[in-house]
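Note on naming: letters A, B, ... go to the chains in the order of the sequence lines (proteins, then strands), and numbering restarts at 1 for each one. These numbers come from the heavy atoms of this one structure, side chains and all, not from hydrogens, waters or symmetry mates.
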Amino acid sequence: MNNELHLGHFTGCILPGDVYSRFLKLKGEDAIYVCGTDEYGTPTEVAAQKEGVTPQELTDKYYAKQNEVLKKFNVQFDIYSRTTTLDHTKQVHEFYNAWKHNNFIYRKEIEQLYCKHCDRFLPDRYVEGICPLCGAEGARGDQCDTCGKPLDPTDLKNPYCITCKNTPELRKTEHVFFELSKLEEQVLEWVENHEGLFQNSKNFALGFIKQGLNDKDMSRDLKWGVPIPDAPGQVFYVWFDAPIGYVTFTKQLGKLNWWQDKNTRLVHFIGKDNIPFHTIYFPAMLIARGDDYILPYKVASYEYLTFKGSKLSKSKGHMITLREAAELFPVDYWRYFIISSLPERADTDFTWEGFQERINNELNNDVGNLVQRALSLAKKYVNSTVPKPVTLTDNDKIVLKQIETSAQQVAELIYDIKLKEALQEVAKLARIGNQYIQIEEPWKNQERQKEIIFVSLNVVKALSILLEPFIPETAKKIQDYLNLKPQMYDNIADHLEPGHELNKEFEPLIKKIEDKDLPIKNEGQQQQGVKEKPGDANAKVKSAAVSTEVGKAAVAAVEYDDFAKLKFKVGTIKSAERIEGADKLFKLTVDVGEQNPRTLAAGIAEFYKPEELVGKQVIVLANLKPRTIRGIESQGMLLASETEDGKRVKFVTVHEEMPPGSKIR
RNA sequence: AGCGGGGUGGGGCAGCCAGGAGUGCCCGUCGGGCUCAUAACCCGAAGGUCAGUAGUUCAAAUCUACUCCCCGCUACCA
């Protein structure tokens with residue numbers, strides 16, 4: 001909760017949950033979709049400190065932004081609340097008292113680092129020092145980044161306070177512990193026998209439990225957090241309050257009793273980093289709470305959508321924010337794309353090409369086009385009125401029957417949270433519709449026009465219902481064209497009334513994404529006005545190195561200093577060979593006047609033969625951050641020129657031989 | 001380094017947990033058709049030793065062991 005929402009958040013938890021809950025409601029189920037912001041925790045506090053505002057001010061700001069953008073994406077929460085409310089504090093205290101009552105809480109005196117200068121304890125990330133294991137400097141109190149080992153603040157050698165840099169001292173303090181170890185068996189049994197966990201959740205949780213569940217220190221000597229009632233000056237470790245937010249928010253909706261109702265099916269949608277909290281800690285907290293609190297029915301955990309190939313990503317880890325995404329394309333495009341490429345099994349890399357392909361070929365050509373076809377046929381031949389079929393042929397009946405079959409399959413898949421597959425099933429119905437029109441040829445087959453158009457329109461109507469959970473705006477648009485009121489899922493097989501008038505005004509549902517619409521081509525504009533941090537220039541050029549798109553990227557005006565950061569050198573190609581399994585790449589060794597020749601991966605294999613290259617002089621960007629491409633480390637980038645259509649590529653050279661290593665300026 | 005995941009026709013995926021002819025989906029390629037529709041749509045074809053090795057089995061993409069590649073997390077974060 002110290003950042004804007006980005007496509008990763010949307011993919012991992014928000015959108016799948018929205019599709020699922022929209023579907024349930026459309027199906028007439030008693031469903032609520034509960035979500036909120038988790039606002040405590042040291043990261044928020046540290047971020048606020050950096051921005052020079054209070055944590056509350058920071059979270060207020062982001063809460064408002066998130067709320068706004070979620071509405072834009074038509075996320076239909078029943079409540080989007082926050083953990084910094086009094087309701088939540090009360091709810092956490094209620095849990096705490098129950099844990100105490102059920103003997104899951106004990107106190108223990110431990111030693112913690114204390115900064116006299118700042119007059120505070122230094123938990124987790126408030127302290128840095130030298131890692132006792134690998135000796136690296138700047139290891140944080142919770143973990144060393146260099147060797148990756150988790151640490152306790154007290155493990156650090158030469159610790160210092162990150163705020164004032166003074167050396168802290170050890171001070172005794174009494175902390176509250178949650179006796180997780182007592183629940184190991186119960187949690188293990190639940191994980192092992194629970195069918196509702198996604199495979200990745202289950203594997204991870206089992207591995208986690210195998211290492212043994214230790215009691216957890218719930219106390220933090222901080223102010224920002226839910227105060228522990230009987231431990232003045234201490235707050236709950238954020239993961240002990242955040243999941244209780246689900247309970248708080250449900251209570252705010254007046255449905256607290258759902259948590260103790262055996263018929264409630266609690267389904268979590270999370271990203272994979274949240275797996276231990278939703279499969280181990282939270283279930284343990286619920287068991288310890290007692291009073292028949294229910295455990296999750298399903299935990300849908302998603303892998304990551306990664307952005308390494310995207311030119312929008314300014315640095316590693318930077319995502320496209322939802323706000324940016326909505327400015328670029330209609331939100332339904334994003335909703336469609338993300339569900340159709342949900343990272344269920346493995347991380348999935350986002351590419352603009354993939355996005356464009358999916359939207360153009362599937363959403364546009366199959367779905368959009370079918371709607372357009374059917375409506376146009378109706379307008380042209382039956383004056384935009386649902387015709388009365390006289391005699392239905394077997395094929396007509398098969399297609400009408402298919403609507404029911406599809407609806408049933410889609411429903412089963414969504415109940416089972418196989419959203420990607422469900423959406424494919426919807427797209428399949430659109431294809432069947434296209435196929436049907438093609439085979440029946442209503443433009444030729446005049447005596448059967450009424451029946452064919454009748455069937456086609458019913459397919460379109462069915463699509464509008466099936467699509468609603470996924471792309472609600474588009475679904476609504478189709479229903480407007482059909483002049484229909486919002487439908488329920490179970491009405492899907494009801495045929496349109498003959499004589500029902502359709503809307504004569506309609507336009508293509510979806511517009512194709514042209515190459516020029518993609519931000520790759522607008523890179524210059526995109527980045528204007530964005531202050532890049534020093535060193536970022538490397539990152540920007542890097543993406544061009546693999547895609548041979550040097551010629552395509554529009555060039556924004558740069559400062560001379562930025563240009564001066566780039567070190568170009570003349571190099572002589574010593575050897576060139578194809579890289580196995582890569583059509584476009586050569587592995588080159590190039591002498592750039594250094595002790596050893598450099599290894600480069602160059603995307604010019606479609607345009608040269610290896611033997612043509614040996615001995616040639618090329619221009620190399622020598623201070624590009626090395627990058628591993630197809631298993632070889634590319635230590636620079638070869639400059640080349642490319643025609644607009646990408647059909648011709650020629651490397652850049654000097655017109656007379658220069659000594660290898662000569663500078664370019 | 002630790003933890004997790006992946007390697008399936010040219011590209012992207014599903015299938016693997018509950019083994020049964022390489023089955024499926026999207027794109028691309030090639031050939032054909034249609035002209036109602038957004039140069040869209042429909043039909044057909046080519047293309048894979050399911051990363052490798054060894055095992056279990058009547059039977060392995062699927063189970064086991066090992067090996068090789070790749071990726072993510074271990075900053076914020078789903």
Say we look at rA60(B) and rU53(B): how far apart would their C1' atoms be, to the nearest angstrom? 15 Å

Mind checking the C1' distance from rG9(B) to rG22(B)? Whole angstroms is fine. 10 Å

Which part of the nucleic acid, if any, lies within contact of Asn200(A), taking any heavy atom under 4.0 Å across all strands shown: a base, the sugar-phosphate backbone alone, or nothing? nothing

Can you tell me the base-pairing partner of rG44(B)? Count Watson-Crick or G-U wobble geometry only, both distances below 3.5 Å, and say none if there is no partner. rC30(B)

Which comes earlier along RNA chain B counting from the 5' end, the contact point of Glu421(A) or that of Glu357(A), where each point is its nearest nucleotide? Glu421(A)

Would you check if the side chain of Tyr436(A) reaches a backbone N or O of Asp396(A) as a donor-acceptor pair within less than 3.5 Å? no

rG48(B) and rA14(B): how far apart are their C1' atoms, nearest whole angstrom? 16 Å

Whole Å only: how far is the CD atom of Glu39(A) from the P atom of rC76(B)? 18 Å

NZ of Lys272(A) versus P of rC71(B): gap in Å, rounded? 13 Å

Whole angstroms only, please: what is the CD-P distance between Glu344(A) and rC16(B)? 12 Å

To the nearest Å, give me how far apart CD (Gln199(A)) and C1' (rC16(B)) are. 9 Å

Below 4.0 angstrom, N of the basic side chain to O of the carboxylate: do Asp517(A) and Lys512(A) qualify? no

Who pairs with Arg345(A) by side chain to side chain donor-acceptor pair (under 3.5 Å), at least two apart in sequence or on another chain? none

Does a donor on one side chain sit under 3.5 Å from an acceptor on the other, for Asp347(A) and Thr306(A)? no

Given that both distances must come in under 3.5 Å, which nucleotide forms a Watson-Crick or G-U wobble pair with rC3(B)? rG72(B)

For Asp349(A) and rG11(B), what is the distance between atoms CG and P respectively, to the nearest whole Å? 15 Å

Taking the same atom, C1', in rA51(B) and in rG5(B), what whole-Å distance lies between them? 16 Å

5'-most contact on RNA chain B: Gln424(A) or Thr348(A), nearest heavy atom basis? Thr348(A)

For Tyr80(A), the option from Phe249(A), Tyr33(A), Tyr63(A) that meets ring-ring contact (aromatic ring centres under 6.0 Å, His included): Tyr63(A)

Applying the Watson-Crick and G-U wobble criteria at under 3.5 Å, what pairs with rA37(B)? Answer none if nothing qualifies. none

If the P atom of rA18(B) is compared with that of rC63(B), how far apart are they to the nearest Å? 9 Å

Opposite nucleotide pairing with rC16(B), Watson-Crick or G-U, both atom distances under 3.5 Å: none

rG22(B): pairing nucleotide in any strand, Watson-Crick or G-U under 3.5 angstrom: none

Calculate the interatomic distance between Lys420(A) atom NZ and rG15(B) atom C1'; express it in whole Å. 12 Å

In whole Å, what is the span from the CG atom of Asn274(A) to the P atom of rG4(B)? 18 Å

Does Arg431(A) use its side chain to pair, donor to acceptor, with the backbone of Asp366(A) at less than 3.5 Å? no

Using whole Å, report how far CZ of Phe198(A) lies from C1' of rG4(B). 17 Å

Categorize Gly354(A) for me: base, sugar-phosphate, or nothing, with a 4.0 angstrom heavy-atom threshold over every strand shown. nothing

If you measure from the P atom in rC13(B) to the same atom in rG7(B), how many Å do you get, rounded? 9 Å

Nearest of rC16(B), rG4(B), rG11(B) to any side-chain atom of Arg345(A)? rC16(B)

Validate the cation-pi geometry between Lys379(A) and Phe506(A): distance from NZ or CZ to the six-membered ring centre under 6.0 Å, angle to the ring axis within 45°. yes

For a quick check of understanding: with a heavy-atom distance under 4.0 Å over all strands, which category does Tyr304(A) fall into, base, sugar-phosphate or nothing? base

Assess whether a salt bridge exists between Arg335(A) and Glu473(A), defined as any Lys/Arg side-chain N lying under 4.0 Å from an Asp/Glu carboxylate O. no

Quick one: what's the B/S/- string for nucleotides 34-47 of chain B, heavy-atom cutoff under 4.0 Å, read 5' to 3'? SSBBB-SBSS----

Taking rC70(B) as the reference, what is the distance to rG32(B) when you measure between their C1' atoms (whole Å, please)? 41 Å

Taking rU62(B) as the reference, what is the distance to rC50(B) when you measure between their P atoms (whole Å, please)? 9 Å

What orientation do His278(A) and Phe282(A) show, parallel under 30°, tilted 30 to 60°, or perpendicular over 60°? perpendicular

Pairing partner of rA65(B) (Watson-Crick or G-U wobble, both distances under 3.5 Å): rU53(B)

